[in-house]
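Below is one structure, written out as structure tokens, with a few remarks after it.
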Amino acid sequence: MMNDYMNEGMSRRDFLARAAAAGAGAVAVGAFAAQPAQAVEEGFIGDWAADGSRAVEVPASADTNATAPDGTYREHNAAAFPANDASPIPPRPVPETWDYECDICVVGAGGGGLNAAARAAELGASVICVEAAGLHGGNAQEAGMCGILGGSKMQESKRFAFPSYPFDAKALTDWAMDEYHYAADPKLIYKIAEQGGPSLDWMAECGVQWRLGEVPVYVAPKNATLDHHVLKMKDATDAMFNYGQRKGVDYRFQCPAVALVQDGDGRIVGVVCKEDYQHEVFIHAAAAVILTAGGFCNNKALLDRYIPTAAMGCASSYLTLGETGECFRMGLGVGADVSGFNSSASFDGGVDWEAEGGQWARFLYDGMTQLSRQPWLTIDRCGNRLRYMDSRVGEDGANAIYALGDLATIQMTPPGHRSYIIFDANYEDHLAGFAQEHCRKLITPDLEQIEKVPPHYRDWHHGVQDAIDADVLKRRDTLEELEADLGFAPGVLVDAVAKWNEACERGEDDYLYPMPKEWLHAIVEPPFYGCRIGGNLYGTKAGLAINEDMQVMGIDGRPVAGLYAGWHTAGGACGENSYVGDPILGSLMGDVGLAFCGGYLCGTSAVEHELDRA
């Protein structure tokens, strides 16, 4: 039986140290199918539909690390992004005739959309759920675990809650608001705290087979293991899709939404979609429209405008399915307000493919990303050492949970908003000794459920070779060549390596945050390798402003009639100005759990507030 940690006088850090033994919840990632090599049009960088194995001509690196020649920030090249448009999408007027009729139209069939559609149908609404992709699940299907701090039946069975047992949603809200520096809406945070557990319990009643972590901060599908986070949440999204089908949800795939429909009174009464990506159809939603199609991790213009820290500090995104922000822009087009300015969530090890002509969004387990997240010599452009945060739960449980987000902040905030990893030809010999866990664990063909991983990425070596071929991971015969081609001033990299090698020879690191002795490997054997890294963006926390009933709020301070939004189309779940969306990897429920909870709340509120009126 689990003891009440807080009643034992345990601090928050000590609690999280133990909690980390359950494993830190990963968030949604995406995947590419391997494509044959072919030419790329002149002026077009990368190809959104392809993986990194394509043979492409890449432009030379900029003269300096992550800045323009005049010292100002070097912006991302928009050609690397799937989208680059921050303009509002205006609504359409009511058509003379509708193509389809329903009570509630849900936009998006990812984790949030599946829950919203199933919940609304369960409560008696007729539901159409439209999805741009050809399958259900979205980015959520490829996550690993939900983080949650109490309130579920599973946790009650272990007498677990945070900050103390028994579970108290107000106490959790008070704690979270302090973590968010009081920049969030307490009513909304309270709703997440209060309904997070019941939303997961409801999913269990719908057919999701959950299991609880050994220290019950994390919840995962029954077949998931705690030592890795590769594509485990597909079991949950499959179950919710099946439940929605049983309840009569009409799913329409390859049918992206392109605009909202607004009547003369300002009410949202439908959605315009492109059926089979070609033909416009008008769907009448007599009660409500629910927007649950994710955020805008892959839209350069929206990042620049609403989350400048992510636009500067993140070197990549790993949400490869969607995240181009159309639903957010539709909300802006009907006068919606914005919440959560300048907040996002990132992991460490965002590899700067874009700077070398590659695409912005990459599969989290593409090999090069995995390699970049190991404890190499890491420096800023001045040659200063940067701290590494360990994910070995047995060595430092507190850092194991913090590391996945906090290391991103360390890597994305130096001058120029980039960091640099350096290692030599013997790098592969050191990986077993590094023993990093969770989503830093390297993908190998023998992993459990490896069949869920695209074939090209089932061996981490493939992604590393992709990076070498594209000169993203620079392989040079001398440190001086590597120094010049990474954009360092003469002597900066060479001197940093010399100081590192001295520490390795002594067997004792003299840095403020020293590496363990077993990680001190001298950089002496050519060829030498180096790579630019920053944050690896996994969630935008800026989005449409909503109230505690999930109603989209207008700039006039009133709800936009008939319009609801779940996270991460909605914002505000962790306040403003957050690099990593703490306290627990993105929000009070992690990212995928937040999407699940938001969909559940949207479906419930839309029926309760709108169905009788319709």
Side-chain angles (χ1 to χ4, degrees), residues 28-33 48-49 82-83 89 99-100 102-121 125-143 206 233-234 236-261 270-285 288-299 319-331 361 563-570 592 595-596 598-600 602-603 606:
V29 294
F32 294 113
W48 179 242
I89 297 175
D99 296 288
Y100 303 106
C102 63
D103 294 323
I104 293 174
C105 183
V106 176
V107 180
L114 291 171
N115 275 15
R119 180 62 171 167
S126 61
V127 179
I128 293 176
C129 180
V130 297
E131 166 59 47
L135 295 170
H136 64 276
N139 287 308
Q141 67 185 313
E142 295 165 353
C206 296
M233 203 60 75
K234 188 176 186 300
T237 55
D238 284 352
M240 292 311 302
F241 174 67
N242 292 336
Y243 182 76
Q245 284 186 313
R246 295 197 299 273
K247 291 297 178 180
V249 176
D250 181 2
Y251 296 100
R252 296 176 179 268
F253 297 104
Q254 298 183 336
C255 189
V258 295
L260 296 171
V261 179
V271 182
V272 184
C273 299
K274 278 201 170 181
E275 203 167 42
D276 297 323
Y277 306 122
Q278 295 178 349
H279 311 292
E280 279 198 352
V281 293
F282 284 71
I283 300 175
H284 184 206
V289 171
I290 299 175
L291 301 177
T292 56
F296 51 86
C297 288
N298 298 325
N299 186 316
L319 298 188
T320 57
L321 185 62
E323 287 286 315
T324 46
E326 285 81 5
C327 277
F328 177 62
R329 294 170 57 211
M330 290 177 204
L563 188 61
Y564 293 73
W567 295 288
H568 295 80
T569 301
V592 68
F596 285 146
Y600 168 80
C602 280

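- Residue M240 holds its CE atom at 11.0 Å from NE2 of H136, rounded to the nearest 0.5 Å.
- Of all heavy-atom pairs spanning V261 and V271, the tightest one is CG2-N, 3.9 Å.
- In this structure, the side chains of R119 and N115 stay at 4.5 Å or more apart for every pair of heavy atoms.
- In this structure, D99 CG and H279 NE2 are separated by 11.5 Å, a value rounded to the nearest 0.5 Å.
- The two residues G138 and L321 make their nearest non-hydrogen contact at CA-CD2, 3.4 Å.
- Atoms CD1 and CG, from I290 and L563 in turn, are 9.5 Å apart once rounded to the nearest 0.5 Å.
- With a 4.5 Å cut-off on side-chain heavy atoms, T237 and F596 count as touching.
- Here C206 contributes atom SG and R246 contributes atom CZ; the two are 8.0 Å apart, rounded to the nearest 0.5 Å.
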- Task: Evaluate the side-chain contact (heavy atoms from CB on, under 4.5 Å) criterion for residues L291 and L260: first the C-alpha distance (whole Å), next the side-chain angles of each, then the deciding distance (0.1 Å), finally the verdict.
- Result: CA-CA 10 Å; L291 301 177; L260 296 171; 4.2 Å; yes

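- The heavy-atom pair separating G566 from T292 by the smallest distance is N-CG2, 3.8 Å.
- Using a distance-only test at 3.5 Å, with no hydrogens or angles considered, no donor-acceptor pair links the side chain of Y564 to the main chain of G599.
- Listed for the D103 side chain is no donor-acceptor partner under 3.5 Å among the backbone atoms of V127.
- The closest donor-acceptor contact from the side chain of T569 to the backbone of G295 lies at 3.5 Å or more, if one exists at all.
- With rounding to the nearest 0.5 Å, the separation of NE2 in H284 from OH in Y100 is 15.5 Å.
- To the nearest 0.5 Å, atoms SG (C273) and CD1 (I283) are separated by 4.0 Å.
- Closest non-hydrogen pair, C129 versus G113, comes out as SG-O, 4.5 Å.
- Scanning both residues, A121 and V249, for their nearest heavy atoms gives CB-CG2, 3.7 Å.
- The shortest distance between side-chain heavy atoms of M233 and Q141 does not fall below 4.5 Å.
- The nearest pair of heavy atoms linking F296 to G325 is CB-CA, 3.7 Å.
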- Message: Determine whether Y251 and L114 satisfy the following criterion, side-chain contact (heavy atoms from CB on, under 4.5 Å), listing intermediate values before the conclusion.
- Response: CA-CA 10 Å; Y251 296 100; L114 291 171; 3.9 Å; yes

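- In this structure a side-chain-to-backbone donor-acceptor pair under 3.5 Å is present from E131 to A109.
- N298 places no side-chain N or O within donor-acceptor distance of the main-chain N or O of T324, the cut-off being under 3.5 Å.
- The backbone N or O of C255 lies less than 3.5 Å from no partner atom in the side chain of E275, so there is not a single donor-acceptor pair.
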